[in-house]
J.: 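A single structure is presented below for examination.
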Amino acid sequence: MSQIAPRPRTRFAPSPTGYLHIGGVRTALFNWLFAKGRGGQFILRIDDTDQQRNVQEAYEPILEGMRWLGLDWDEGPDVGGPYAPYRQSQRTELYQQAVQKLLEVGAAYWDYATPEELAQEREAAQREKRPWRYSRRWMATSEEQRRRFQAQGRQAVVRLKMPEDGTCVFEDLIRGRVEVPWAGEQDHVIQRADGSVLYHLASVVDDYQMRITHIIRAEEHLSNTTRQIFIAQALGYPLPQFAHLPYVAEPGSRNKLSKRKLKKYLNQPDFRKIYESGLRIMEALGQAVDPETFNPVVIQFYKDTGYLPEALLNYLVLLGWSLDDRTEHFTREEMLRHFSLQRVNRAPASFDPAKLQAFQQRWMQQQPLERKVQLVFPFLEEAGWIPQAPAPGEPLHRRIEQIVQYAGDRITVAGDILQFGYLFQGDQEFPYNEKDFQKRLLKPPEARELLAAFAGELEQLPPEQFHAARLEERMKQFVEERGIKIGQIIHAVRVAVTGQGVGFGLFETLEVLGRDSTLARIRRALRRVEQHQAAS
RNA sequence: GGCCCCGUCGUCUAGCCAGGUCUAGGACACCGGCCUUUCAAGCCGGCAACACGGGUUCAAAUCCCGUCGGGGUCACCA
């Protein structure tokens, strides 16, 4: 306790083989929280040692996603830093030196086995039901032997020469003491035949050279730790602290969440729900969905449909961590203040789309009106319903503010603004939902006449009195005079002016539309009713 | 299959290390009711868990042993 803890340096090291997914973000978040909450540094590194699998298009979206979430990094490929470069593909020389050293100290060896020979060994072991470990049959023990193998046309990889007995013991900050027998470890390849280096080697070298103090990563790396410790020790590096997070599981199961199982997850009702509401937003935007990114497992889905990064982070921080038995709401600052590795769970946590949705809803409710308005603008622009984001004070700004206010909780994600398209489309253009039209305007025999009569009342109302309170008063009066139920007229008016049966308060809707639009729309609806009646 | 990890309501979790205050708390979801011009929201109420077995102890969700179950990982991927 009296010892001053050094400021931690953590890293998030995605490989650009695909887009950022929920589990990856949770790992990034925990790394960020741990470092930044303790006055340390958070480093972004791109682990792109496998040229074959890298997807060039994935690199920029990863950075974008991190920025959107506000997980800012102190050092990284774009901003540089004292240990640059921060892309493994640009650090090969460093790795080659390390490989050389490992060969020199006898911790690694040149291996000339062909893939076929390896496969044979493996199959033989499997047939005899014994655990397989490479026989080192094509291990070169001298320069002379190397030349001989090369003369046979063989190509060499570099393998780790793992210990054959003893136990690797390390202290995991989350799991406690972990013990793994060395004999169970393979002689992993650290350098390919083409001279490029593999993840384990690169990762250990970089973590050391970048002075990473804490390696916080998902549990699937737990079994990688032993071989990485072996490499680090052979290279004479001090060991960092390890913390292995439980992985994020599928909704309603214990399997690891995977972005490739979208189709399967769509069978899960809550998952399907958020997917489909996202789909409606994309439809309204007239955008084709890219199956690579339009996936609730992938972070971009949330960015594209208008979630709040705060909500996502709040949900994610509780996936495997908790402060106590009741605190659920965390701002960025609160997370930073309270996060600790000691309170990270050991068991995997299932991704629950319904709970994410609940956090989003609560966060959205708390946003000041102006923030919501700002969030909604890009969607309206994208849909082509407004030319550009209006400045405060402009009539259009005022109008959208009004809509957002009246829509209230119906806007859970910013993209939900698009359900109110009828408020932005022309009086003669907005579409009618045929089912609602049928139910509210064609079927009730009195509907046409009542609607026409109410339109007459509205015409009497001077434009400056066309506000919700006054409109409601007028309708109440109208209903009373005629001895009808309010439901007989209100639904008819709603469908007439919006084209659909659902929406926010009717009087507020009329107010937003204004007198001229309201009347024009009612007239259009009346004509439509007459056409239908004439036809039948 | 080998090695490793994990096991509290459907889900996220509190409680476990330092056994009694736990007839196991909170949240989401679900169900019911209220409110209501639609859809939401809101309010009130309800259902629901210590994987199993044995041991230690006056006392076990908590400690020990075993069983079962689930998962991760076993690449010239990261």
Side-chain angles (χ1 to χ4, degrees), chain A residues 13-18 47-50 52-54 88 111 113 115 118 125-126 129-133 155 157-159 172 175-176 178-181 183-186 188-194 196-200 202-203 217-226 244 246-247 249 251-256 269-270 315 318-329 342-343 345-359 361 365 407-412 416 419 436 440 472 475 479 485-491 493-495 498 500-507:
Chain A
S15 61
T17 53
D47 281 10
D48 54 352
T49 50
D50 188 354
Q52 301 265 297
R53 288 177 24 127
N54 287 342
Q88 292 193 327
D111 179 55
L118 250 19
Q126 214 160 44
K129 289 195 196 310
R130 60 180 162 80
W132 179 72
R133 209 176 179 216
Q155 293 202 305
V157 299
V158 178
R159 284 182 185 275
D172 188 283
R175 270 145 229 286
V178 179
E179 302 185 26
V180 185
E185 281 292 309
Q186 299 291 343
H188 292 276
V189 174
I190 52 172
Q191 187 179 87
R192 297 185 181 90
D194 68 4
S196 67
V197 109
L198 277 98
Y199 159 76
H200 294 298
S203 180
R217 51 159 45 153
E219 188 187 351
E220 51 261 40
H221 286 286
L222 190 58
S223 57
N224 294 338
T225 307
T226 47
H244 286 93
Y247 61 91
S253 115
R254 283 283 85 121
N255 293 359
K256 201 172 81 170
D270 296 329
Y315 170 71
L318 292 172
L319 213 53
W321 176 84
S322 67
L323 176 63
D324 54 31
D325 61 339
R326 54 196 66 252
T327 317
E328 289 227 292
H329 188 274
Q342 286 101 54
R343 290 200 62 87
N345 255 334
R346 272 176 288 274
S350 295
F351 170 58
D352 181 355
K355 188 142 187 171
L356 202 203
Q357 190 71 10
F359 274 97
Q361 195 171 283
Q365 283 171 344
D409 297 324
R410 292 167 188 82
I411 298 177
T412 303
D416 286 341
Q419 14 179 305
D436 290 333
R440 299 302 189 188
E472 182 164 7
M475 184 174 278
V479 162
K485 282 194 281 200
I486 198 162
Q488 287 176 275
I489 178 66
I490 203 163
H491 299 300
V493 176
R494 179 187 293 284
V495 174
T498 71
Q500 57 188 52
V502 297
F504 55 79
L506 177 68
F507 307 110

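In this text the structure is predicted, and so the values were computed from the model without any measurement.
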J.: When the nearest nucleotide of RNA chain B is assigned to A:F359 and to A:N255 on a heavy-atom basis, which residue is associated with the more 5' position?
T.: A:F359
J.: Just to be sure I understand the rule, does A:D409 reach a base, reach only the sugar-phosphate, or reach nothing, if contact means heavy atoms closer than 4.0 Å?
T.: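 Sugar-phosphate contact only - A:D409 comes under 4.0 Å of backbone atoms but never of a base.
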J.: Show me the protein contacts with nucleotides 28-37 of chain B, counting only N or O atoms at under 3.5 Å.
T.:
from, atom 1, to, atom 2, distance (Å)
B:rU37, O2, A:R494, NH2, 3.2

J.: How far, in whole Å, is B:rC9 from B:rC65 if one measures between their P atoms?
T.: 23 Å
J.: Check every strand shown and say whether A:Q365 touches a base, only sugar-phosphate, or nothing at a heavy-atom separation below 4.0 Å.
T.: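 The answer is sugar-phosphate, as A:Q365 gets under 4.0 Å only of primed atoms, P, OP1 or OP2.
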J.: Go through A:Y199 and A:H188 one step at a time and tell me if the ring pair (Phe, Tyr, Trp, His ring centres under 6.0 Å) criterion holds.
T.: CA-CA 11 Å; A:Y199 159 76; A:H188 292 276; over 10 Å; no
J.: Roughly how many Å is it from NE2 in A:H221 to C1' in B:rA75, rounded to a whole number?
T.: 14 Å
J.: Does a salt bridge link A:D352 with A:K355, judged by any charged N lying under 4.0 Å from a carboxylate O?
T.: no
J.: B:rU38 and B:rC31: how far apart are their C1' atoms, nearest whole angstrom?
T.: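 About 23 Å, rounded to a whole number of Å.
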J.: Please tabulate the protein-to-nucleotide N/O contacts below 3.5 Å involving nucleotides 62-64 of chain B, giving atom names and distances.
T.:
none

J.: Please report the distance separating the C1' of B:rC17 from the corresponding atom of B:rA75, rounded so that it comes out in whole Å.
T.: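 The same atom, C1', in both gives a distance of 39 Å.
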J.: I want to verify a distance call: between B:rG26, B:rC39, B:rA78, whose nearest atom is closest to the A:R326 side chain?
T.: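 That would be B:rG26.
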J.: Using a cut-off of 4.0 Å on non-hydrogen atoms, how would the nucleic acid contact of A:R410 be classed: base, sugar-phosphate, or nothing?
T.: base
J.: When rounded to the nearest Å, what value does the distance between P atoms of B:rC44 and B:rA29 take?
T.: 15 Å
J.: Please state how far atom CH2 in A:W321 lies from atom P in B:rC12, giving the value in whole angstrom units.
T.: 17 Å
J.: Give none if B:rG1 has no partner; otherwise give the nucleotide forming a Watson-Crick or G-U wobble pair with it, both distances under 3.5 Å.
T.: B:rC74
J.: Whole angstroms only, please: what is the CD-P distance between A:Q191 and B:rC77?
T.: 12 Å
J.: What orientation do A:F351 and A:Y315 show, parallel under 30°, tilted 30 to 60°, or perpendicular over 60°?
T.: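 Perpendicular, since the angle between the ring planes exceeds 60°.
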J.: What is the base-pairing partner of B:rC31, counting Watson-Crick and G-U wobble geometry with both distances under 3.5 Å?
T.: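 For B:rC31, the partner nucleotide comes out as B:rG45, under the 3.5 Å rule.
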J.: Quick one: is A:Q186 getting a side-chain N or O under 4.0 Å of the B:rU73 phosphate, OP1 or OP2?
T.: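 No, because none of the side-chain N or O atoms of A:Q186 sits under 4.0 Å from OP1 or OP2 of B:rU73.
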J.: Output yes when at least one side-chain N/O atom of A:R192 is less than 4.0 Å from OP1 or OP2 of B:rC77, else no.
T.: yes
J.: For A:Q155, look at atom CD and say whether over 12 heavy atoms of other residues, nucleotides or ligands are found less than 6.0 Å away.
T.: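 No, not enclosed.
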J.: Classify A:G408 by what it touches in the nucleic acid, base, sugar-phosphate, or nothing, heavy-atom distance under 4.0 Å.
T.: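 It contacts nothing in the nucleic acid.
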J.: Output one letter per nucleotide in nucleotides 15-21 of chain B: B when a protein non-hydrogen atom lies under 4.0 Å from the base, S when only the sugar-phosphate is that close, - when neither is.
T.: S------
J.: If you assign A:G252 and A:D50 each to the RNA chain B nucleotide with the nearest heavy atom, which residue ends up on the more 5' nucleotide?
T.: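 First, find each residue's nearest nucleotide; the 5'-ward one identifies A:G252.
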J.: In whole angstrom, give the distance that lies between atom NE2 of A:H329 and atom C1' of B:rC12.
T.: 17 Å
J.: For a quick check of understanding: with a heavy-atom distance under 4.0 Å over all strands, which category does A:T327 fall into, base, sugar-phosphate or nothing?
T.: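 The residue A:T327 makes no contact with any strand.
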J.: Figure out the CZ/P separation between A:F351 and B:rU11, and round it to whole Å.
T.: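 After rounding, the gap between these two atoms is 16 Å.
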J.: Pairs under 3.5 angstrom, nitrogen or oxygen only, protein versus nucleotides 65-69 of chain B, please.
T.:
none

J.: Does a side-chain heavy-atom distance below 4.5 Å link A:R440 with A:R494?
T.: no
J.: Contact class for A:S350 vs. all strands (heavy atom < 4.0 Å): base, sugar-phosphate, or nothing?
T.: sugar-phosphate
J.: Does any part of the side chain of A:V178, heavy atoms only, come nearer than 4.5 Å to the side chain of A:T225, both counted from C-beta?
T.: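 In short, these two side chains do not touch, never coming nearer than 4.5 Å.
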J.: What's touching nucleotides 2-6 of chain B from the protein side, N or O pairs under 3.5 Å?
T.:
from, atom 1, to, atom 2, distance (Å)
B:rC5, O2', A:R175, NH1, 2.7
B:rC5, O2', A:E219, OE2, 3.3

J.: Suppose you measure atom P in B:rG7 against the same atom in B:rA14; what distance do you get, rounded to whole Å?
T.: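 Going atom to atom, P in each nucleotide, I get 11 Å.
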J.: Determine the interatomic distance between C1' on B:rC12 and the same-named atom on B:rU23; round to the nearest Å.
T.: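 Their C1' atoms lie roughly 25 Å apart.
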J.: Mind checking what makes side-chain contact (heavy atoms from CB on, under 4.5 Å) contact with A:T412, not counting sequence neighbours?
T.: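 side-chain contact (heavy atoms from CB on, under 4.5 Å) list for A:T412, sorted by chain: A:Q357, A:Q360, A:Q361, A:D416.
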J.: Which one is paired to B:rC63, where only Watson-Crick or G-U wobble pairs with both distances under 3.5 angstrom count?
T.: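 Per the H-bond distance test, B:rG55.
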J.: Using Watson-Crick or G-U wobble geometry with both distances under 3.5 Å, which nucleotide pairs with B:rA18?
T.: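 Check on B:rA18: unpaired, no WC or wobble geometry under 3.5 Å.
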J.: Please measure how far the P atom in B:rG53 lies from the corresponding atom in B:rG15, and state the result in whole Å.
T.: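 Comparing P positions in B:rG53 and B:rG15 gives a spacing of 25 Å.
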J.: Across all strands shown, which nucleotide pairs with B:rC9 by Watson-Crick or G-U wobble geometry, both distances under 3.5 Å?
T.: none
J.: How long is the line joining OH of A:Y315 and P of B:rC12, in whole Å?
T.: 8 Å
J.: Nearest whole angstrom, please: distance from the P of B:rA78 to the CG of A:D47.
T.: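 So the two atoms are 8 Å apart, to the nearest Å.
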J.: Take the protein atom CD of A:E220 and the nucleotide atom C1' of B:rA78, then report the distance between them rounded to whole Å.
T.: 10 Å
J.: Just checking A:V157: base, sugar-phosphate only, or nothing, at a heavy-atom cut-off of under 4.0 Å?
T.: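 The answer is base, as A:V157 lies within the cut-off (heavy atoms under 4.0 Å) of a base atom.
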J.: Taking B:rC28 as the reference, what is the distance to B:rU36 when you measure between their C1' atoms (whole Å, please)?
T.: 25 Å
J.: Does A:R346 have more than 12 heavy atoms from other residues, nucleotides or ligands lying within 6.0 Å of its CZ?
T.: no
J.: Considering only B:rG71, B:rA78, B:rC76, which nucleotide approaches the side chain of A:H200 most closely?
T.: B:rA78
